[in-house]
Novice: 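Pasting a structure here, questions to come.
Numbering of residues begins at 1 and proceeds along the displayed sequence.
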Amino acid sequence: MRPLKKSTLVLSLAALLAACALLPATAGAATGRTVAVTASAAIKVPNDTATVGFGVKRERKTRTAALQATAAGLRHVIAAAKAFPSVGEGDIRTGRIDVSPVRKGNATVYRATEGIQVTLHEPAKAGELIAEGLGAGATGVSGPTFSVGNEEEAFAKVLAAAFDKARERAGVLAAQAGAKLGPALTIEEGEGAEFIGPRFDSAAGAPVSKGAPTPPTKPGTSRVKATVHVIFELQ
């Protein structure tokens, strides 16, 4: 047999490399065993935030007078909210201003309304805040709505709990298959955070008597739920 020429050898090697490049990337990889599980977890988190809405309504003979009277009343409510403990800078937000004509017998007057939303960081005092707002001249109240202020921190806890549950389930399946559970290969978050909490809202801007007693409020807890999909290696 005659030896191959150098040029022929180079061409053959190039053809071999080209053929290998056309193979799928997984062709040379080992086919390992895995176990895929889905797990959900839910925890209860104390509500540390309350949201209360206040509305002010005034009726006057002209649009300008109605707006001025409403603005003056709302300033008193805002001042009372600012002075309330655990209401900080940026915790008060004004709402939409509305002016509309209203028939009163044979006459037409103008009704102006405006409101604010107050975030309270001591939710158990929401009843006291409502009493203060009414005393300052608010003609309507909505809320309180209780919630978790730092949702990311709460969600991180429930995600960790969901992963622990997924690993526990995968360990049971691995033992049944006569294998040991290896590391997690892929982790996928499920549908995202789900917060389920009490909502004790009254109708938005519902009129409340100024002399009403301070209502009791209990913030309670919110239920936080998370789901994860994990693939573990089997050893």
Side-chain angles (χ1 to χ4, degrees), residues 45-152 192-223:
V45 181
N47 291 315
D48 56 10
T49 303
T51 303
V52 180
F54 293 104
V56 174
K57 176 179 67 176
R58 299 287 189 270
E59 293 179 355
R60 297 292 186 270
K61 292 182 180 180
T62 66
R63 288 186 175 89
T64 301
L67 275 172
Q68 289 176 343
T70 299
L74 193 62
R75 289 191 190 98
H76 289 297
V77 178
I78 291 174
K82 280 185 175 180
F84 196 82
S86 78
V87 174
E89 195 69 30
D91 288 335
I92 300 175
R93 184 178 66 189
T94 57
R96 188 180 68 177
I97 302 171
D98 181 72
V99 183
S100 57
V102 179
R103 292 292 296 179
K104 293 283 187 177
N106 295 326
T108 298
V109 298
Y110 293 90
R111 177 183 296 163
T113 58
E114 189 178 2
I116 60 171
Q117 179 175 287
V118 183
T119 299
L120 180 64
H121 300 287
E122 292 184 31
K125 294 183 177 180
E128 298 176 31
L129 175 62
I130 289 172
E132 289 288 332
L134 292 173
T139 54
V141 176
S142 63
T145 298
F146 299 112
S147 61
V148 178
N150 193 338
E151 293 188 349
E152 285 298 325
E194 182 181 357
F195 286 79
I196 305 170
R199 290 302 179 199
F200 309 132
D201 288 5
S202 60
V208 183
S209 171
K210 182 175 180 180
T214 301
T217 50
K218 298 290 184 182
T221 60
S222 288
R223 183 171 174 267

Novice: If you look at every heavy atom in Arg58 and Gly73, which pair is closest and at what distance?
Specialist: NH2-CA, 3.9 Å
Novice: Ignoring hydrogens, what is the shortest heavy-atom contact between Ala66 and Arg60? Give both atom names and the distance.
Specialist: N-CB, 3.5 Å
Novice: In plain terms, say whether Glu122 and Lys125 are close enough for a salt bridge, that is, a side-chain N and a carboxylate O under 4.0 Å apart.
Specialist: yes
Novice: Do Val52 and Gln117 have side-chain heavy atoms sitting under 4.5 Å apart?
Specialist: no
Novice: Measure the OH-CZ distance between Tyr110 and Arg63 for me, rounded to the nearest 0.5 Å.
Specialist: 4.0 Å
Novice: I'd like to know if the side chain of Thr139 reaches the main chain of Lys57, judged simply by a donor and an acceptor atom lying under 3.5 Å from each other, with no hydrogens or angles considered.
Specialist: yes
Novice: Can you give me the closest heavy-atom contact between Val56 and Thr70, atom names plus distance?
Specialist: O-CG2, 3.6 Å
Novice: Indicate the atoms forming the closest heavy-atom contact of Asp48 with Pro123, along with that distance.
Specialist: O-CD, 3.5 Å
Novice: Measure the CD1-OG1 distance between Ile78 and Thr94 for me, rounded to the nearest 0.5 Å.
Specialist: 7.0 Å
Novice: Of Thr49, Leu120, Asp91, which is the lone residue that meets side-chain contact (heavy atoms from CB on, under 4.5 Å) with Ser86?
Specialist: Leu120
Novice: Look at atom CZ of Arg103 and say whether more than 12 heavy atoms of other residues, nucleotides or ligands are closer to it than 6.0 Å.
Specialist: yes
Novice: Can Thr113 and Ile97 be said to form a side-chain contact (heavy atoms from CB on, under 4.5 Å), step by step?
Specialist: CA-CA 6 Å; Thr113 58; Ile97 302 171; over 6 Å; no
Novice: Will you find, in the side chains of Ser222 and Asn47, an N or O donor that is under 3.5 Å from an N or O acceptor?
Specialist: yes
Novice: Between Ala138 and Phe54, which heavy-atom pair has the shortest distance, and what is it?
Specialist: CB-CD2, 3.9 Å
Novice: Report yes if the side chains of Val118 and Val87 come closer than 4.5 Å at any heavy-atom pair, otherwise no.
Specialist: yes
Novice: To the nearest 0.5 Å, what is the distance between CZ (Phe84) and CD1 (Ile92)?
Specialist: 11.5 Å
Novice: Begin from the C-alpha positions of Val102 and Thr108 and carry the test side-chain contact (heavy atoms from CB on, under 4.5 Å) through to its verdict.
Specialist: CA-CA 6 Å; Val102 179; Thr108 298; over 6 Å; no
Novice: Can you name the nearest heavy-atom pair linking Val77 to Gly137, along with the distance?
Specialist: CG2-C, 4.1 Å
Novice: Considering only NZ, NE, NH1 and NH2 on the basic side and carboxylate oxygens on the acidic side, decide whether Lys104 and Glu59 come within less than 4.0 Å.
Specialist: yes
